[in-house]
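Heads up, the thing below is written out as structure tokens.
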Amino acid sequence: MTTLITSHPVGDSKHRSSESERLFEKACKVFPDGMTRATIEKDPFPRYMAYGEGAYLYDVDGNQFLDLNGNFTTLIHGHGFQPIVEAVQRQLSSGSCFANPTVHEIALAETLSARIPNVDQVRFVNSGTEAVMFAIKAARAFTGRPGIAKFEGSYHGAYDCVEVSQAATPENWGSKENPNSVPFYHGAPKSVLDETVVLRFNDAPQLEERLKARAGEIAAVLVDPMPSRAGLIPPEPEFLNSLHNTCHDLGIVIISDEVLNLRQGYQGASARYGLQPDLLAMGKIIGGGLPIGAIGGRTEIMKVFTSENGRPRLPQGGTFSANPLSMVAGLASMEALDHQAFEHLESLGVKLRTGLSKIMSERSLPFSVSGGGSLFRIHPTAELPREFRDTFEAPRQKAVMKSLTRFFASNGVILPNAAAGCLSTPMTEKEIDLVIDIFDEFVREQESEIAAMETN
């Protein structure tokens with residue numbers, strides 16, 4: 001068994017008086033809720049980091065952690081990856097941004113279009129949210145239709161229409177046949193709800209029925225090939241066939257959101273699962289750890305960004321779009337992500353998911369694990385989910401999953417809430433064995449709580 005790395009247990013007296021707690025007290029005076037990102041985990045306060053090195057992070061109290069978060073799957077090469085560091089240092093000495101294009105944006109765009117199917121041309125923006133936003137706008141400009149369709153529970157960034165039903169619950173999500181369009185935040189415009197059709201992942205008949213009922217209104221279907229927030233669930237072939245055929249017949253643009261899932265293979269997630277999108281939204285790994293987003297797709301649709309009589313159908317700018325720092329960092333990241341790198345990540349991912357599944361199966365535990373490539377997610381249910389509603393957790397399940405995250409942290413591993421994690425290229429089988437051993441130790445220690453979870 002791999003030796004567990006002991007860190008300060010979350011909530012003990014030493015941790016409560018830590019430097020992280022002191023910093024959080026200062027932050028609460030200048031930030032609403034003490035933070036500038038709602039996605040930051042705090043239990044009861046966030047852990048402040050000092051630096052990262054390879055697959056590991058070191059907090060301001062000197063604790064070491066194996067990083068299974070990777071800044072929300074961005075850092076596929078881990079921390080301090082030298083080719084990226086050197087590329088950014090060279091560029092920074094020459095200038096951080098200009099009001100003019102540079103050769104670096106051409107190089108990164110050529111790399112993306114050469115390896116990712118259906119990406120004929122590219123536009124760079126500054127985040128995944130922007131990439132999705134402009135992909136939707138491009139579909140609207142191309143079709144002349146205002147509405148979109150998206151899948152219940154899927155996360156696509158902070159844009160009104162894509163947030164619809166992102167956090168739906170049994171109390172408000174409606175029937176399986178006709179899911180409600182549920183607002184994400186207080187005060188969301190009703191018009192946004194009216195223009196957003198909610199679908200259920202892996203439900204081919206429902207997809208066809210709902211799209212046909214509002215065909216003349218819908219510009220695009222937005223789909224994550226393996227929805228992360230909705231469970232890291234793979235798409236079923238029948239579902240993808242229905243999506244392709246229905247959208248083709250109705251003139252609806254298919255947008256693949258691969259901001260996160262591009263890391264699933266050399267050509268991305270769509271190619272892995274057989275999805276044939278018209279547009280792709282990209283981000284995270286293509287920026288090497290710096291802010292970035294990109295829209296790519298078929299030339300016919302990407303023409304909406306082209307000036308016609310002085311004005312494009314879809315104007316898109318951005319002060320920091322295609323800034324040279326993000327471009328050189330992204331190029332260094334993507335050049336290092338060759339076939340060998342993806343084979344390494346795939347091997348580690350298979351080993352981890354297989355090892356976790358073996359423990360679950362041998363002990364008849366009410367857990368399952370999903371994911372693909374370098375991604376995994378542990379579910380507190382014996383049957384693997386097929387769609388978002390299957391992932392909804394009862395109170396006792398939530399409590400066990402919270403304990404799981406805390407247990408990993410106390411043993412020197414950052415496992416994000418919902419137990420959805422990612423691997424990075426500097427990891428080896430040693431790190432995979434560590435994660436498997438910690439999970440094994442957790443289920444041994446929490447046997448009674450896990451058994452009680454099944455009585456929900």
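FYI, the numbering just counts along the sequence from 1. None of these values were measured; they are calculated from a predicted model.
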Does any donor atom in the side chain of R272 or Q267 lie under 3.5 Å from an acceptor atom in the other side chain? no
Examine R313 relative to F305 and say whether NZ or CZ is less than 6.0 Å from the centre of the six-membered ring and inside a 45° cone about the ring axis. no
With a 3.5 Å distance limit and no angle check, can you tell me whether E346 reaches the backbone of G265 through a side-chain donor-acceptor pair? no
Would K26 count as a cation-pi partner of F31, with NZ or CZ less than 6.0 Å from the six-membered ring centre and within 45° of the ring normal? no
Would you say that more than 12 heavy atoms from the other residues, nucleotides or ligands in this model lie under 6.0 Å from the CZ of F320, or not? no
Side-chain donor/acceptor of H244 to backbone N/O of Q276, under 3.5 Å: yes
Does the side chain of Q91 come under 3.5 Å of the side chain of S94 through a donor N or O and an acceptor N or O? no
Verify the neighbour count for atom CD of E238: are there more than 12 heavy atoms of other residues, nucleotides or ligands below 6.0 Å? no
Flag for Q264-N261: side-chain donor and acceptor within less than 3.5 Å: yes
Under a 3.5 Å cutoff, is there a donor and acceptor pairing between the side chains of H379 and T391? no
Hey, does the side chain of N172 reach the backbone of T169 with a donor-acceptor pair shorter than 3.5 angstrom? yes
Under the 3.5 angstrom rule, does the side chain of S357 hit a backbone N or O of R353 as a donor-acceptor pair? yes
For the residue pair H339 and Y266, does the interplanar ring angle fall in the parallel (under 30°), tilted (30 to 60°) or perpendicular (over 60°) class? parallel
Pairing donors with acceptors under 3.5 angstrom, does anything connect the side chains of T196 and S181? no
Checking side-chain hydrogen bond (donor to acceptor under 3.5 Å, both in side chains) for the pair T111/E335: CA distance, chi angles, key distance, verdict? CA-CA 8 Å; T111 298; E335 287 181 338; 5.3 Å; no
Just by distance, with hydrogens left out, do N323 and S326 show a side-chain donor and acceptor under 3.5 Å apart? yes
Can the ring centres of F367 and F439 be said to be less than 6.0 Å apart? yes
Without swapping roles, check the side chain of S175 against the backbone of N178 for a donor-acceptor pair under 3.5 Å. yes
Would the distance check show the side chain of D120 and the main-chain N or O of T299 forming a donor-acceptor pair, the cut-off being under 3.5 Å? yes
Taking A329's backbone N and O only, do any of them form a donor-acceptor pair with S333's side chain (distance below 3.5 Å, no angle check)? no
Answer yes or no: does atom NZ of K402 have more than 12 heavy-atom neighbours from other residues, nucleotides or ligands under 6.0 Å? yes
Whether the side chain of R210 engages the backbone of P179 through a donor-acceptor N/O pair (distance < 3.5 Å, no angle test) should be reported. yes
Test item: side-chain donor near acceptor, R263 and S374, under 3.5 Å: yes
No-hydrogen, no-angle side-chain donor-acceptor test under 3.5 Å, D224 and H156: no
Checking side-chain polar atoms at under 3.5 Å, does Y56 have a donor or acceptor matched by the opposite partner on Q64? no
Is K137 positioned over the aromatic face of F134, cation under 6.0 angstrom from the ring centre and no more than 45 degrees off axis? yes
So, Y155 and D257: side-chain donor and acceptor under 3.5 Å apart, yes or no? no
Do E431 and V435 have side chains that get closer than 4.5 Å, going by heavy atoms? no
Consider only side-chain N and O atoms of S242 and E208, and report whether a donor and an acceptor are under 3.5 Å apart. yes
